[in-house]
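Comments concern the structure below.
Just the heavy atoms: all of them, side chains too, but no hydrogens, waters or symmetry mates, feed the values below. Here is how names work: the chains are called A, B, and so on, in the same order as the sequence lines, proteins then strands, and each is numbered from 1.
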Amino acid sequence: DAGITQSPRHKVTETGTPVTLRCHQTENHRYMYWYRQDPGHGLRLIHYSYGVKDTDKGEVSDGYSVSRSKTEDFLLTLESATSSQTSVYFCAIRPGQGLVNEQFFGPGTRLTVL
Amino acid sequence: GENVEQHPSTLSVQEGDSAVIKCTYSDSASNYFPWYKQELGKRPQLIIDIRSNVGEKKDQRIAVTLNKTAKHFSLHITETQPEDSAVYFCAASSQGAQKLVFGQGTRLTINP
């Protein structure tokens, strides 16, 4: 499973509260990604990182921020959670420096915002 | 930017028959096309991929074909089995791109 873990695996929170999801990898991969998965929308990229302190936005970045202070950890923060952010969140890593964008996913975090 | 369309959204086939899922992409610079399988409650798993320098790739009962001129690629599963039931996603990426763009997914059901 490419040495990727996500925590927590499940979370229920209330509208307006801050939430932080963690992705941890054990193999020093440079690239890490955060996606959300919703019915009918497939996997949509929120943010990604190409190194420590190097991050960029994806297609659905509004309402989310990220940080990467260590190679192994990529954090996704919802500053003030809304019901529209109820989703399953997947982290992914991209091994190696090759030309292809081969990605492997973590186990996911199911977030419910009430 | 890249846009990937996937069809059909649902597909039901009899066990033992073949299943075909099709994707189209918009960016002619795309050169990498992976397919992922996601079982219920699990993470997406990479099952096969193809690069733009080949037209077809096979791995046991699954194969992927690529038509660069028409900008579409397809997943073929032969001799389907109940364990093939899952949601399948296609994706595309161009050389040097840092992102994968995914299709909307196809829910495949294999009927015994």
Side-chain angles (χ1 to χ4, degrees), chain A residues 1-7 9-10 21 23 25 29-51 54-61 66 68 74 87-110, chain B residues 1-10 21 23-27 29-54 57 64 66 73 75 86-108:
Chain A
D1 292 333
I4 311 166
T5 58
Q6 293 184 230
S7 59
R9 295 293 314 281
H10 301 270
L21 309 183
C23 179
Q25 54 130 337
H29 298 304
R30 179 183 172 196
Y31 288 91
M32 298 183 75
Y33 301 82
W34 276 108
Y35 292 90
R36 61 177 289 174
Q37 184 175 36
D38 305 287
H41 292 278
L43 291 151
R44 294 182 291 174
L45 182 65
I46 305 171
H47 282 279
Y48 67 99
S49 170
Y50 46 97
D54 292 323
T55 64
D56 205 350
K57 296 179 179 180
E59 62 178 306
V60 290
S61 59
V66 290
R68 192 162 178 207
F74 191 31
S87 188
V88 179
Y89 291 85
F90 286 100
C91 172
I93 58 92
R94 173 183 171 185
Q97 303 294 321
L99 296 177
V100 294
N101 202 333
E102 187 179 48
Q103 295 183 19
F104 297 92
F105 287 85
T109 294
R110 182 173 296 276
Chain B
E2 176 66 278
N3 182 54
V4 177
E5 297 286 336
Q6 182 172 347
H7 299 281
S9 57
T10 61
I21 302 170
C23 289
T24 60
Y25 60 98
S26 61
D27 187 352
S30 288
N31 69 336
Y32 176 64
F33 307 92
W35 285 89
Y36 288 81
K37 175 184 180 181
Q38 186 179 28
E39 297 176 350
L40 188 63
K42 302 290 182 64
R43 73 188 78 188
Q45 299 265 17
L46 178 65
I47 57 171
I48 194 168
D49 56 20
I50 190 168
R51 305 183 190 190
S52 59
N53 58 347
V54 298
K57 184 177 179 180
V64 57
L66 172 65
F73 56 110
L75 178 71
V87 178
Y88 291 81
F89 293 97
C90 64
S93 178
S94 58
Q95 181 169 325
Q98 296 173 327
K99 310 174 194 177
L100 274 177
V101 178
F102 286 85
Q104 296 88 344
T106 296
R107 181 174 300 279
L108 175 63

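- Classification of A:Arg44 and A:Asp38 as a salt-bridged pair holds, one side-chain N sitting under 4.0 Å from a carboxylate O.
- Both the backbone and the side chain of A:Leu43 come within less than 4.5 Å of a heavy atom of chain B.
- Comparing B:Gln98, B:Gln6, B:Lys42 by heavy-atom pairs within less than 4.5 Å of chain A, the highest count is held by B:Gln98.
- Here B:Pro44 is the residue among B:Gly103, B:Gly41, B:Pro44 with the most heavy-atom pairs under 4.5 Å with chain A.
- With respect to A:Tyr35, the ring pair (Phe, Tyr, Trp, His ring centres under 6.0 Å) criterion is satisfied by exactly one of A:Tyr89, A:Phe105, A:Tyr48: A:Phe105.
- Only the side chain of B:Leu46 comes within contact range of chain A, judged by heavy atoms closer than 4.5 Å.
- Heavy-atom neighbours of A:Arg110 CZ from other residues, nucleotides or ligands within 6.0 Å: at or below the threshold of 12.
- Note that CD of A:Glu59 and NE2 of A:His41 are 10.0 Å apart. Values are rounded to the nearest 0.5 Å.
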